[in-house]
Number of protein chains: 2
Amino acid sequence: MSRPPLPSESPPSAPPEQPQRAARIEDVARIAGVSTATVSRALSDPERVSPKARARVMEAVAQVGYLPNQAARSLRSQKSRMVLVVLPDLSNVFFSRILQGIEDVLFEAGYGMIIGNLDGSPEKEARFAAFMATGLVDGAILLNGHLVGQTRDGQGSPAPLSVPLVALCEAIPHAGIPQIEIDNRGAARAATLYLARQGHGRIAYVTGPAGNSLERERFAGYRDGLEQSGLPFDAELVVPGDYTLASGAAAAEALLRLKRRPGAVFCSSDEMAIGLVGGLAAEGIEVPDGMSVVGFDDIEFAAMARPSLTTIHQPRRELGRTGARVLLDLLAGRRAPAHVRLETKLVERLSTRPAGGRSVTGSG
Amino acid sequence: MSRPPLPSESPPSAPPEQPQRAARIEDVARIAGVSTATVSRALSDPERVSPKARARVMEAVAQVGYLPNQAARSLRSQKSRMVLVVLPDLSNVFFSRILQGIEDVLFEAGYGMIIGNLDGSPEKEARFAAFMATGLVDGAILLNGHLVGQTRDGQGSPAPLSVPLVALCEAIPHAGIPQIEIDNRGAARAATLYLARQGHGRIAYVTGPAGNSLERERFAGYRDGLEQSGLPFDAELVVPGDYTLASGAAAAEALLRLKRRPGAVFCSSDEMAIGLVGGLAAEGIEVPDGMSVVGFDDIEFAAMARPSLTTIHQPRRELGRTGARVLLDLLAGRRAPAHVRLETKLVERLSTRPAGGRSVTGSG
DNA sequence: GGTGACGATGTAAACGATTACAAAAATGAG
DNA sequence: CTCATTTTTGTAATCGTTTACATCGTCACC
């Protein structure tokens, strides 16, 4: 096709006022002297193109700084190379390292990560569900323990699980969704056994929120531990909490009100354990001399706390990594394990000591 | 084209095996008896469509559960309604609340959030830069203190800043990018003045990493504070750190080696302050009786620490919110402020006390 | 009743890639 | 050298929207 002749003063070398429109595949094709199909192939699957053409394409790409438009790409290919990560609370330190692990693996595989921070809002939940249904993401990792956007408004069909999902940490009661988790029950048993072996006969337990699936497991583990140690279960020693610092402090008061105080406490979260230590200190009871305390999670701060906290270490980053890997398997159509359990580890620090023994570190 | 006759048992009312293809705008249009243009208008700008048509469209949408395909939408409209947030380290607790603030505002405005975790990797940086250039995101918020993907490989043109940007916390030396930050210098001055007013004559300072733009400001503020209090500056009292717990602990040792010990220390981060407290305790010096300590940031743990930490509170969530708002202004073509400064606040807790006074809380 | 303005609607052309299909070129066997 | 086969390339359809432009009524005003 012939164009109208250009004004004589405009050599094609450097058009001055043009606002730098991003280069398209067509531009690359023209410069390289091939078709757009060849350019596309050279970029996505270099083997399918002759070395000569490939070189010309690469040169043209470099010359114009071509980057394929993502919207066009994902419209046509029906893949977005994006993953949604849904979590209940972005500001909760517990999740940040998991996110990091997820990001590690996703990035490596060329995927991006969209964050869905639920924050207790049903609106958010609905929107994130839409993310999955509109092709915005190829899959999702759920850290929130339940399915997202199960809205069946009006006569609408039961929202189809449009993309592959993976559940991290909390179990989702839905068949066919791989679960990545730790052995909460076994870990809680280990913590309880540890205290029992240190000679503590009355071991209290500060729970997480009722109804939480993790919590049920941990509570079961606590009872396992008691049983295995030949200790009696005493409902009086079970104090309700909700994983927060404040509930740990409240638990301290509750425990001190008991006629027969426990010599040790196992808390279902580090935050509660730290709150408990503070609450005990306010009443003049120092940890570990006055009481031994074990936490759960091994958050960053557990090691910094005073006294540093004996706790159950969860491999958070590795949990994230594994979850991402399993999702990638699903996305690639590979067979994925239905269930992965990661090892926990009891980390001994200074918030526990044998019952009846004397403190090793003389305090002031 | 004629198909082979179906087995008689399959009436067309409910095709059983069809894998539930997502409804397209065309389906909605057909059911509502209007054109696709009208459907599009009814959804994006209901005012432009007659009430009758609107109602029919809405009904059809509900009936088939239509959700517009994002890729198609953003391909055509050249807008993705996504924002990239770039940060140096996702696992750093300092950022999580900022992220939360950003997410708050973005969600409200109908935007999604893609996370770019740099993690010190140039590859990541390049990829995130590509996110901006490929239409994947409409804008970006940078928490990392420098421009992303400034790669000018080969003869490539100087990567055009393709989308609106906002710099949060750290300043980016580049004209035209709005900066959202706190008054680091003023806050550091306030912390120093506070200690001076408590009667401390020798006030040490534990720095952040050299070369950091925040750090320069804070150091200047420390000197301002000394000057304003009529105290001499003593280079011996400036101990290098890098914001980490470990460097705080190391600083403790350094300070204890001095012939004339300071009575108070101002640390450029809470983590260092907490490390310092631990390091001092290891040498038998308790805070605040043996030394007063002030931190910076007011991270979650500052209040939980023992002793709880006097520190400079940064409105992290609000920083995130403001950054997101400014970016939205930019995206909407509204005039955005070039510079926003948020207020900090000195939070008095138990890691400081007047010089020479006696401790109020009797320990042990 | 004619005319202009306005609002509601429809038609069809983008947006920028990927990819099914067909054609052309290269390769190898006989 | 011919023919079958394989590789490489090109053409054009396609993904599912939005939106410029054209069209068609409707209404008010003269």
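Naming: A, B, ... by sequence-line order, numbering from 1 per chain.
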Is the distance from OP1 or OP2 of [N] to the nearest side-chain N or O of [X] less than 4.0 Å?
{"X": "B/T38", "N": "C/dT9", "value": "no"}
{"X": "A/Q78", "N": "D/dT14", "value": "no"}
{"X": "B/S50", "N": "C/dA8", "value": "no"}
{"X": "A/Y66", "N": "C/dA17", "value": "yes"}

Next on the checklist: Nearest to the side chain of B/A72, heavy atoms from C-beta on, is which of D/dT17, C/dT9, D/dT11?
Outcome noted: D/dT17
Checklist outcome for this item: Testing C/dG16, C/dA14, D/dG10 for proximity to the side chain of A/L75, the answer is C/dG16
Next on the checklist: Taking the nucleotide of DNA chain D with the nearest heavy atom to each, does B/R73 or A/S35 sit closer to the 5' end?
Outcome noted: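 Upstream on the strand: A/S35.
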Item to check | Of A/V49 and A/S77, the one whose closest DNA chain D nucleotide lies more 5' | outcome: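 Taking each residue's closest nucleotide, the earlier one in sequence belongs to A/V49.
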Next on the checklist: Under a 3.5 Å cutoff, is there a donor and acceptor pairing between the side chains of A/N69 and B/T134?
Outcome noted: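 There is no such pair between these side chains.
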Checklist entry - Would you say the side chains of B/S91 and B/D89 form a donor-acceptor pair under 3.5 Å? => result yes
Are the side chain of [X] and the backbone N or O of [Y] linked by a donor-acceptor pair below 3.5 Å?
{"X": "B/R81", "Y": "B/Y111", "value": "no"}
{"X": "A/R127", "Y": "B/F107", "value": "yes"}
{"X": "A/S40", "Y": "A/T36", "value": "no"}

Gap between atoms [atom1] and [atom2], on [X] and [N] respectively (whole Å):
{"X": "B/D45", "N": "C/dT9", "atom1": "CG", "atom2": "P", "answer": "13 Å"}
{"X": "B/R41", "N": "C/dA12", "atom1": "CZ", "atom2": "C1'", "answer": "12 Å"}
{"X": "B/L67", "N": "D/dG16", "atom1": "CG", "atom2": "C1'", "answer": "13 Å"}
{"X": "B/L136", "N": "C/dG16", "atom1": "CG", "atom2": "C1'", "answer": "14 Å"}
{"X": "A/L43", "N": "C/dG16", "atom1": "CG", "atom2": "P", "answer": "17 Å"}
{"X": "A/R30", "N": "D/dT9", "atom1": "CZ", "atom2": "P", "answer": "19 Å"}
{"X": "A/Q70", "N": "C/dA17", "atom1": "CD", "atom2": "P", "answer": "10 Å"}
{"X": "A/R48", "N": "C/dT19", "atom1": "CZ", "atom2": "P", "answer": "10 Å"}

Checklist entry - Considering residues at least two apart in sequence or located in another chain, which fulfil the ring-ring contact (aromatic ring centres under 6.0 Å, His included) criterion with B/F131? => result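 Counting only residues at least two positions away or on another chain, B/F131 forms a ring-ring contact (aromatic ring centres under 6.0 Å, His included) with B/F128.
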Item to check | DNA chain D contacts made by residues 106-114 of chain A, counting heavy atoms under 4.0 Å | outcome: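 Residues of residues 106-114 of chain A that come under 4.0 Å of DNA chain D do not exist, since none gets that close.
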Checklist entry - What is the nucleic acid contact for A/A53, judged by heavy atoms within less than 4.0 Å: base, sugar-phosphate only, or nothing? => result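 Touches sugar-phosphate only.
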Next on the checklist: So A/S40, base contact, sugar-phosphate only, or nothing? Heavy-atom distance under 4.0 Å.
Outcome noted: base
Next on the checklist: Quick check with a 6.0 Å cut-off and a 45 degree axis cone: is B/R24 positioned over the face of B/Y66's six-membered ring?
Outcome noted: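 No - B/R24 does not lie over the ring of B/Y66 by the 6.0 Å and 45° rule.
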Checklist entry - Checking only heavy atoms, does the side chain of B/R76 share a donor-acceptor pair with the base of D/dT17 at less than 3.5 Å? => result no
Checklist entry - Is any NZ, NE, NH1 or NH2 atom of the basic residue among B/D138 and B/K79 found under 4.0 Å from an Asp or Glu carboxylate oxygen of the other? => result no
Item to check | Bracket string, DNA chain C, 5' to 3' - pairs by Watson-Crick or G-U geometry under 3.5 Å, | interstrand | outcome: ||||||||||||||||||||||||||||||
Checklist entry - In this structure, are over 12 heavy atoms from other groups packed under 6.0 Å from B/R334 atom CZ? => result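 It does: B/R334 CZ has more than 12 such atoms within range.
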Checklist entry - A/M113 versus A/I102: any side-chain heavy-atom pair under 4.5 Å? => result yes
